[in-house]
2 protein chains.
Amino acid sequence: MPTLDPVPRSTLRAHVAERLRAAILAGDVAPGAPLVETTLSQRFDVSRGPLREALRQLIEEGLLVTVPYTGTHVASLSVEDVHEIYSLRTALEVFAFEQVWERRDDRFRRELAHRNVALLATIDAGDDRASIASELELHGLVYEASGHKLLQRAWHGLRGRLQLYWAAHHRAHGRRGPRRDSHDSYIAAALGDDLAAMRLEIADHMRRGVEVTERFLRSLPAAAGREFNGVTKGDMR
Amino acid sequence: MPTLDPVPRSTLRAHVAERLRAAILAGDVAPGAPLVETTLSQRFDVSRGPLREALRQLIEEGLLVTVPYTGTHVASLSVEDVHEIYSLRTALEVFAFEQVWERRDDRFRRELAHRNVALLATIDAGDDRASIASELELHGLVYEASGHKLLQRAWHGLRGRLQLYWAAHHRAHGRRGPRRDSHDSYIAAALGDDLAAMRLEIADHMRRGVEVTERFLRSLPAAAGREFNGVTKGDMR
DNA sequence: CGATCGTCGATTGTCAACAATCGACCGGAA
DNA sequence: TTCCGGTCGATTGTTGACAATCGACGATCG
C-alpha cells in the first residue's frame, strides 16, 4: 500500500549531503581527513555549488570543520567533546522521558519492546554497524514519542556526533557492539512506573557509555593524547 | 588594550548571514515575508552564491523556512513552537546551572550582578530592544560559565528562535520590556546555595514567560488563531 | 458558467569560469 | 646552519549565465 504523502522535493545538495554524511558516519572517511571540493564534486559528478551547500550543512551538524580559504576536514572529537555529548544527552533524554512519561501507552511499550528485540537480534548476529544503528533507534523512540520538534532536532544533532564518535572508536579500536544485557535495566525502567528511577537509569547508562571512552583512552599509548580519533599530525593535510 | 586573538577570517556569506539575521531579529522583515534571492543579492550587492549559503545557515538556525524551487520566507512560529522553546529552555538552563553550581566563584557572582544592573538600566531607560538584549545577556551567563560548547550551541539555537518570537510579539502587540522585578528571584536563587530552589525558580521563570504568550493570544481576535506572528494568508506570497 | 488543461513569467537549482587567499617551497643573506 | 622573504601551486571564495521547476493566469471545452 503506497503512501499518498507529498513526494519529497529533491535537490542535489540534499542527495550529496545524505551520501557524504553516510560515508562519514560509516567511517569510510577518517576523522581529520581533508575534503577537497573539486575532488568531491568530481566524485559525485556534481558542480561545486550544490556540493558546497551540502558541506555547509554537515558543518552545521558538527561532522565537518572548515577554515575559510584553507580547507575543510572531517571533525575529530576530543575527549571533552565526548564528555559533552554524553552529559548533554543525559539531560535531553531525561527531559524526553519527563515529557512522555504520563502519555506512555501500549503502542509506546510495544514499540519499545520491538526495538529492543531488534537490537538483541543484531547483537546476536554479530553485526557491529547494525547493532549501533539499532541502539540509536531504541534510544530514539522516546524523542519521537515526545512529539517535541525542537527536542528531536537537538537529538539529531547529538546523534550525528555520537555516530561520528562510534565510527572513530570502531575504526581505531575495533568495537564490539553493545553488550547483550546493556539495555535490560533501561527497558525495565522505561516500562516501569518510577520516573525518578528512570532518571537515575539514564544517568547511569550514560556514565557507562563515558566509561567505555575512558577505558579506550587508557588503552592507547599516552602519546595519542586528547585527539584520539586516529588523527596524527601527518594525515591532517 | 587590543586583543591578540587570531583575526577572524571574513567571507561574504558570513557578513550576509549576520546582517540578514540582525534584520530579521530586529523585526525589520516580518515573519512569513518572502525572501527573493535575486532581490536580496542586489540589496546586499553580492552574487547569489554567497547569499544562498547565508540563507542555508539561517534556515539551519530556524529563522527561515524554504521549499525547493518555490521560495524561502521568514519563519513564523506557532503556539506549539513557543511552548517547545520555553520547555526545552527550562531543561537546558537547569542543566547549565547544575554544571556550574559547584564552580560558581566571585567572578561569576559579580558578572551576574553586573548584567542585572545593566538590565535594570535598559528597563528604566524604556528601551525595549535593549532590554530584551540585556535579558538574553543575563540568561546567557550561565551557559558561558558552563564552558560546555555543545550546550552553548543549543542555547544559541534557542536564543535565535526566542528573539524571533519576541520580535514578532513586539511587532504585533507592542511589547513592554520585561518587568523591573522580573529577575529578582532568579538572581537571588542563582546567588544562593539551594540548587533545588534554583531548579524551581527556572521552571517558574519560564512558566511566566509562556504565560505572556497565552495572555497575548487571548487578547487577539479569535480568528488570528495559531499562527500569530502577524501572518495572514495574504502576505505569505 | 465552471472546470480543466496548457502556457508563461518568476524563482530557485545548477554549472563552469574567474578572483582572492593561503600554505609550502625555495633561494639567499646573516 | 638558520632565519627571512618572495614566489608559486593549490584550494576556496565569488560571479554571471543557463537549466529546471513551480504557481498563476488565461484559453478552451463541456
Side-chain angles (χ1 to χ4, degrees), chain A residues 4-21 24 29-30 32-60 63-76 231-237, chain B residues 5-20 24 29-30 32-60 63-76 231-237:
Chain A
L4 268 59
D5 295 334
V7 53
R9 302 297 182 272
S10 172
T11 59
L12 282 188
R13 71 165 171 277
H15 288 168
V16 170
E18 190 174 347
R19 296 268 294 267
L20 190 54
R21 184 189 304 121
I24 293 171
V29 44
L35 297 181
V36 180
E37 293 182 1
T38 54
T39 307
L40 279 179
S41 68
Q42 286 167 206
R43 289 265 290 249
F44 286 127
D45 192 30
V46 173
S47 80
R48 282 179 55 217
L51 177 82
R52 282 171 61 89
E53 296 183 3
L55 289 183
R56 303 284 161 232
Q57 182 169 343
L58 297 188
I59 290 168
E60 271 302 304
L63 267 44
L64 303 178
V65 293
T66 188
V67 179
Y69 288 105
T70 302
T72 109
H73 18 270
V74 179
S76 56
V231 183
T232 63
K233 263 185 203 147
D235 64 0
M236 288 289 280
R237 191 93 295 275
Chain B
D5 294 334
V7 54
R9 302 296 183 273
S10 173
T11 59
L12 283 187
R13 72 165 171 279
H15 288 168
V16 170
E18 190 174 349
R19 295 268 293 269
L20 189 53
I24 293 171
V29 44
L35 297 181
V36 180
E37 293 182 0
T38 54
T39 307
L40 280 179
S41 69
Q42 286 167 200
R43 288 265 291 247
F44 286 126
D45 194 30
V46 293
S47 76
R48 282 179 56 217
L51 177 81
R52 282 170 60 88
E53 296 183 3
L55 290 182
R56 292 290 133 60
Q57 182 169 343
L58 298 187
I59 290 168
E60 270 302 303
L63 267 44
L64 303 178
V65 292
T66 188
V67 179
Y69 289 105
T70 302
T72 113
H73 28 269
V74 180
S76 56
V231 182
T232 62
K233 265 184 202 148
D235 65 0
M236 286 289 279
R237 191 94 297 274

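Residue numbering restarts at 1 for every chain, and letters A, B, ... go by the order of the sequence lines.
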So does A/T70 get a side-chain nitrogen or oxygen closer than 4.0 Å to the phosphate oxygens (OP1/OP2) of C/dG23?
yes
Can you tell me if the side-chain N/O atoms of A/R13 get under 4.0 Å from OP1 or OP2 in C/dT12?
no
Short of 4.0 Å, heavy atom to strand atom, which residues of residues 43-52 of chain B count as contacting DNA chain D?
B/V46, B/S47, B/R48, B/G49, B/P50
Under 4.5 Å between any side-chain heavy atoms of [X] and [Y], yes or no?
{"X": "A/I24", "Y": "A/L64", "result": "yes"}
{"X": "A/R13", "Y": "B/R52", "result": "yes"}
{"X": "A/F44", "Y": "A/R19", "result": "yes"}

What's the [atom1]-[atom2] distance between [X] and [N], to the nearest Å?
{"X": "A/E37", "N": "C/dA20", "atom1": "CD", "atom2": "P", "value": "18 Å"}
{"X": "B/H15", "N": "C/dA20", "atom1": "NE2", "atom2": "P", "value": "17 Å"}
{"X": "A/R9", "N": "D/dT21", "atom1": "CZ", "atom2": "C1'", "value": "10 Å"}
{"X": "B/E53", "N": "C/dT12", "atom1": "CD", "atom2": "P", "value": "16 Å"}
{"X": "A/Q42", "N": "D/dA10", "atom1": "CD", "atom2": "P", "value": "13 Å"}
{"X": "A/L12", "N": "D/dA20", "atom1": "CG", "atom2": "C1'", "value": "11 Å"}
{"X": "A/Y69", "N": "C/dC22", "atom1": "OH", "atom2": "P", "value": "8 Å"}
{"X": "B/H73", "N": "C/dT11", "atom1": "NE2", "atom2": "P", "value": "14 Å"}

From CD (B/E53) to OG1 (B/T11), nearest 0.5 Å:
8.0 Å
Testing A/L55, A/L63, A/V29 for side-chain contact (heavy atoms from CB on, under 4.5 Å) with A/L20, which one passes?
A/L55
Side chain to side chain donor-acceptor pair (under 3.5 Å) filter on B/E18, not counting sequence neighbours, yields none
Any base atoms under 4.0 Å from B/L40, or only sugar-phosphate, or nothing? Heavy atoms, all strands.
nothing
Determine the contact category for B/L55: base if any of its heavy atoms lies under 4.0 Å from a base atom, sugar-phosphate if only primed atoms, P, OP1 or OP2 are that close, otherwise nothing.
nothing
Just compare C/dC22, D/dG13, C/dT11 and give me whichever is closest to any side-chain atom of B/V36.
C/dT11
I'd like to check the salt bridge (charged side-chain N to carboxylate O under 4.0 Å, His left out) partners of A/E60; sequence neighbours left out, ordered by chain and number.
B/R153
